[in-house]
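As the structure lists them, so they are numbered: ligands from 1, and atoms in each ligand from 1.
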Amino acid sequence: MPKALAYAAQSATSALAPYTFDRREPRPDDVQIDILFCGVCHSDLHQIRNDWKNSLYPMVPGHEIVGRAVKVGKDVKKFKEGDIVAVGCLVDSCGACPECKDHLEQFCNSGMVPTYNSYERDGKTLSQGGYSSVIVVKESFVLKVPANLDLAAAAPLLCAGITTYSPLRHWQAGPGKKVGIVGLGGLGHMGVKFARAFGAQVAVFTTSPSKKADALRLGAHEVIMSKDPEDMKKHAHSFDFILDTVAAPHDLNAYLALLRRDGTLTLVGAPETNHPAPEVFNLIFGRKRLAGSLIGGLKETQEMLDFCGKQNITSDIELIKIQDIAQAYERMLKSDVKYRFVIDMKSLKG
Ligand code: NAP
Ligand code: ZN
């Protein structure tokens, strides 16, 4: 069985520490992948700390994985040894329910299998993520990485990328639409790049005045200080779509007031506790919608990667050693990420 060197959390309060475990022997439809890079998502931190009250330990986090296929099962058709491949937030689903048939495996009716912090479909084996040297994944959950992309900077596309690409496509961000991105972190900065690439008028809402220049460089047409009520008021009734990526509870009314008729506020940020419920009249007047979105299915994730290949879009990253993960989390909690940490897996070997 492939032996994985990894970093794992043993409990909600312990720091990540070295951990060794066995991956499964590749099955006929599996790809064995040596992991080169893994992005650091705020969800990793939520789950290590048991913010969502569903954590399973030991936990090897990481769901923004880029690596090299080193072994393929005999039934694998799309990949061969040596290919550069990627794995995102899910590694299995039932394949038979209406959602899976519609290529929306993330909404599988019997529950998709997240890349980590879940039991596999056998109900016994814990899934373990990408802060590790090797992973074994079913071919249908493995993606191709366009050859022109920088591999470390492509890793965050697997979660931050698809989580913003999917709702921006679904709610048709594009020419003639005014789109807002709330929170300029890992997800938010990818949202800005995609909304701009799709041709929308893009505004960033930030609590960090120091990020203004970066927001403009990343593609925003304007930057709004979300803590400044006067700045917010200037944009009343003007947005077609707002994507909220914030990892902490906050007032949604402030954003609903900025939507125009039939506008939508979509939540992707998943804080530890709920936002206060918005006022009903803020939805009724203007026929507005409050929605949510979860990552994306495999087909759309491949489409997103191919789009990034054509448009040369990747994440702005800080490459770190796995030994520096605790400092990266500390900075993440202070909204000080420029704009995604990515772990260089070479560092696992010391
Ligand atoms: P991140 O890099 O830490 O960015 C979050 C940003 O939100 C911060 O940079 C900050 O931006 C803003 N923010 C944070 N705390 C805030 C506060 N107290 N008040 C106001 N703004 C605050 O996190 P991420 O990796 O992008 O993830 C964001 C959230 O999305 C997390 O909750 C994560 O679990 C969730 N997520 C959801 C999905 C999904 O499928 N729905 C997928 C991945 C992640 P400013 O400095 O610009 O204000
Ligand atoms: Zn994520």
Check each N or O atom of ligand 1 against all protein N or O atoms and list the pairs under 3.5 Å, with atom names and distances to 0.1 Å, one per line.
| residue | atom | partner | partner atom | Å |
| --- | --- | --- | --- | --- |
| ligand 1 | 2 (O) | Gly186 | N | 2.8 |
| ligand 1 | 3 (O) | His42 | ND1 | 2.7 |
| ligand 1 | 9 (O) | Lys211 | NZ | 3.2 |
| ligand 1 | 11 (O) | Leu184 | N | 3.2 |
| ligand 1 | 23 (O) | His42 | ND1 | 3.4 |
| ligand 1 | 25 (O) | His42 | N | 3.0 |
| ligand 1 | 25 (O) | Arg340 | NH1 | 2.6 |
| ligand 1 | 26 (O) | Gly186 | N | 3.4 |
| ligand 1 | 26 (O) | Leu187 | N | 2.8 |
| ligand 1 | 32 (O) | His46 | NE2 | 2.8 |
| ligand 1 | 32 (O) | Ala270 | N | 3.0 |
| ligand 1 | 34 (O) | Ser43 | OG | 2.8 |
| ligand 1 | 34 (O) | His46 | NE2 | 3.4 |
| ligand 1 | 40 (O) | Ile295 | N | 2.8 |
| ligand 1 | 41 (N) | Val268 | O | 3.0 |
| ligand 1 | 41 (N) | Ser293 | O | 3.0 |
| ligand 1 | 46 (O) | Ser208 | OG | 2.5 |
| ligand 1 | 46 (O) | Lys211 | NZ | 2.6 |
| ligand 1 | 47 (O) | Leu184 | N | 2.7 |
| ligand 1 | 47 (O) | Thr206 | OG1 | 2.5 |
| ligand 1 | 48 (O) | Thr207 | N | 2.8 |
| ligand 1 | 48 (O) | Thr207 | OG1 | 2.6 |

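- Residue Cys159: an N/O/S atom is found under 2.8 Å from the Zn ion (ligand 2).
- Two residues are said to be in side-chain contact when any heavy atoms from C-beta on lie closer than 4.5 Å; Thr164 and Leu243 meet this criterion.
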### Task
Go through Tyr165 and Phe307 one step at a time and tell me if the side chain to side chain contact (heavy atoms under 4.5 Å, CB included) criterion holds.
CA-CA 10 Å; Tyr165 180 96; Phe307 178 85; 4.0 Å; yes
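- Under the side-chain contact (heavy atoms from CB on, under 4.5 Å) rule, Ile242 has a single partner from Ile181, Leu258, Leu252, Val179, which is Leu258.
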### Query
Between Glu139 and Lys77, does a side chain to side chain contact (heavy atoms under 4.5 Å, CB included) hold up when you go through it step by step?
CA-CA 8 Å; Glu139 170 182 28; Lys77 299 205 170 53; 3.9 Å; yes
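- When every heavy atom of Asn109 is checked against every heavy atom of Cys97, the shortest pair comes out as N-SG, 3.3 Å.
- His250 and Tyr255 have perpendicular rings, their planes meeting at more than 60° on a 0 to 90° scale where under 30° would count as parallel.
- Coordination check, His42 versus the Zn ion (ligand 2): failed, since every N/O/S atom of the residue sits at 2.8 Å or beyond.
- In plain terms, the two heavy atoms of Ala248 and His275 that are nearest each other are O-CE1, 3.6 Å.
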